Peer 1: 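My questions will all concern the structure given below.
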Number of protein chains: 2
Amino acid sequence: MQKQQTLSRNQKIIFDLIDKSPEPMKAYSILFNVQKKGIKAPLQVYRALDKLIEIGKIHKIESRNAFIACQNSSCQISKATAFSICESCENVSEISNSKLSKYLSNFSDDSGMKYSKYNLEFFGLCKKCKSK
Amino acid sequence: MQKQQTLSRNQKIIFDLIDKSPEPMKAYSILFNVQKKGIKAPLQVYRALDKLIEIGKIHKIESRNAFIACQNSSCQISKATAFSICESCENVSEISNSKLSKYLSNFSDDSGMKYSKYNLEFFGLCKKCKSK
DNA sequence: CATGTAAATGTTATATTATTACATAGCGTT
DNA sequence: AACGCTATGTAATAATATAACATTTACATG
Ligand SMILES: [Zn+2]
Ligand SMILES: [Zn+2]
Ligand SMILES: [Zn+2]
Ligand SMILES: [Zn+2]
């Protein structure tokens with residue numbers, strides 16, 4: 001079990017919003033949505049995002065500059081993330097596949113580099129978009 | 001063998017610059033460096049970058065918003081990229097490992113999604129930085 | 001060689017994403 | 001109370017990327 005983090009006010013507002021969203025949210029869309037709750041500036045959003053990422057409650061989809069709630073009941077593995085992204089409808093989901101994560105976590109080559117973290121993004125067409 | 005692409009003037013200027021750089025280059029740093037050659041606007045840079053990415057001569061390091069020349073003599077596999085990134089010195093190199101690429105290209109899960117492309121970024125400490 | 005068309009270029013303005021700098025507030029420990 | 005730490009507030013600005021529109025170049029093919 002991992003330590004339960006208590007979220008601060010801004011962190012909670014922003015996490016709840018992202019968590020309810022069916023799709024990854026962009027920072028300024030988050031900002032727009034929380035302005036009625038008193039969060040007025042980009043920096044307030046980015047600070048909360050940074051913290052939420054650090055504790056594994058959300059992840060950043062790098063290729064989209066967007067943020068998604070962790071779909072693994074708060075990623076034990078926030079340092080080992082994998083996503084599938086539909087290039088047609090932009091649906092994103094977190095891949096939870098122990099073989100894959102084991103394979104990548106143990107990956108090493110002859111570069112002498114010690115890999116402590118990875119992020120993998122798969123692209124393709126989701127079931128729905130394929131059948132169109 | 002893949003079709004030999006002829007680069008246009010701007011594409012060539014920008015590719016040569018990136019190719020000579022020992023580290024990934026950012027778009028506005030590229031812009032700054034090619035202004036003496038007559039490329040004056042961001043869009044000219046981004047258009048060349050888009051094309052170079054499309055034909056596999058360069059890749060974008062998503063987590064860094066930076067661009068690197070393909071280190072696999074023009075990636076047959078520009079749709080299957082893997083990089084190692086040192087979080088201390090920011091050295092980036094392209095991983096060319098046929099087992100890894102085979103594993104990932106063939107990866108599938110029960111989501112019904114057909115993966116046609118992936119990008120993987122490993123993070124850690126390079127040999128040099130580890131021994132400091 | 002004229003004509004069509006796709007690709008590339010040039011230019012200005014603007015949108016989007018993210019950080020710097022500085023000031024203040026809350027909270028637990030000593 | 002004094003300290004250290006985390007979080008917050010606010011303004012300004014930096015960094016990354018695209019939209020819109022006009023023009024030019026390459027080159028196939030009739
Ligand atoms: Zn997760
Ligand atoms: Zn889809
Ligand atoms: Zn490559
Ligand atoms: Zn290093």
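Within every chain, numbering begins at 1; the chains are lettered A, B, ... in the order of the sequence lines, protein sequences first and strands thereafter. Note that the coordinates shown come from a computational prediction; the quantities given were computed from them, not determined experimentally.
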Peer 1: Tell me: CD of A/Glu54 to P of D/dA7, nearest whole Å?
Peer 2: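 The distance from CD of A/Glu54 to P of D/dA7 comes to 8 Å, rounded to the nearest Å.
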
Peer 1: With nearest nucleotides of DNA chain D determined for B/Arg47 and A/Arg47 from heavy-atom distances, which residue corresponds to the more 5′ nucleotide?
Peer 2: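 Its nearest nucleotide being more 5', the pick is A/Arg47.
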
Peer 1: Please answer whether D/dT16 and B/Tyr28 are stacked, defined here as ring centres separated by less than 5.5 Å and planes angled under 30°.
Peer 2: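 According to the criterion (under 5.5 Å, under 30°), yes, B/Tyr28 stacks.
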
Peer 1: Taking only the side-chain nitrogens and oxygens of B/Tyr46, find out if one of them lies under 4.0 Å from OP1 or OP2 of D/dT18.
Peer 2: no

Peer 1: What is the distance from atom CD1 of B/Ile14 to atom OH of B/Tyr46, rounded to the nearest 0.5 Å?
Peer 2: 11.0 Å

Peer 1: CG of B/Leu31 versus P of D/dA14: gap in Å, rounded?
Peer 2: 16 Å

Peer 1: Out of C/dA18, D/dT8, D/dT16, which nucleotide sits closest to the side chain of A/Ser8?
Peer 2: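 Taking heavy atoms from C-beta onward, the closest nucleotide is D/dT8.
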
Peer 1: Flag the pair B/Ile95 / B/Leu120 as yes when at least one side-chain heavy-atom distance between them is below 4.5 Å, and no otherwise.
Peer 2: no

Peer 1: With DNA chain C as reference, determine whether B/Leu43 or A/Pro42 sits nearer its 5' end, using the nearest nucleotide of each.
Peer 2: B/Leu43

Peer 1: Just how far, in rounded Å, is C1' of C/dT9 from NZ of B/Lys12?
Peer 2: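 From B/Lys12 NZ to C/dT9 C1': 18 Å.
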
Peer 1: Using atom CZ of B/Arg9 as one end and atom P of C/dA7 as the other, report the distance to the nearest whole Å.
Peer 2: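 Atom CZ in B/Arg9 sits about 20 Å away from atom P in C/dA7.
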
Peer 1: With a 4.5 Å cut-off on side-chain heavy atoms, are A/Phe83 and A/Ser63 touching?
Peer 2: no

Peer 1: Measure the distance from CD on B/Glu62 to C1' on D/dA15 and round it to the nearest whole Å.
Peer 2: 16 Å

Peer 1: D/dT16, OP1 or OP2 - any side-chain N/O from B/Lys26 closer than 4.0 Å?
Peer 2: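 Yes, within the criterion.
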
Peer 1: Counting only side-chain nitrogens and oxygens, does B/Asn65 get under 4.0 Å of the OP1 or OP2 atom of D/dA17?
Peer 2: yes

Peer 1: Salt bridge or not for A/Asp16 and A/Lys20, using N-O below 4.0 Å?
Peer 2: no

Peer 1: What is the distance, to the nearest angstrom, from the CG atom on B/Leu7 to the C1' atom on C/dA7?
Peer 2: 13 Å

Peer 1: Compare side-chain N and O positions of A/Asn10 against OP1 and OP2 of D/dG9 and report whether any pair is under 4.0 Å apart.
Peer 2: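 Yes, because at least one side-chain N or O of A/Asn10 sits under 4.0 Å from OP1 or OP2 of D/dG9.
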
Peer 1: Atom CG of A/Asp50 and atom C1' of D/dT8: how far apart are they, to the nearest Å?
Peer 2: 14 Å

Peer 1: Under a 4.5 Å cut-off applied to non-hydrogen side-chain atoms, are B/Glu54 and B/Asp50 in contact?
Peer 2: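 The answer is no, as the side chains (C-beta and beyond) never meet within the 4.5 Å cut-off.
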
Peer 1: Relative to the 5' end of DNA chain C, which residue comes earlier, B/Lys40 or B/Gln11, by the nucleotide with the nearest heavy atom?
Peer 2: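 Comparing both residues, the 5'-ward one is B/Gln11.
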
Peer 1: Rounded to the nearest Å, what distance is computed from the CD atom of residue A/Gln44 to the P atom of nucleotide D/dA11?
Peer 2: 10 Å

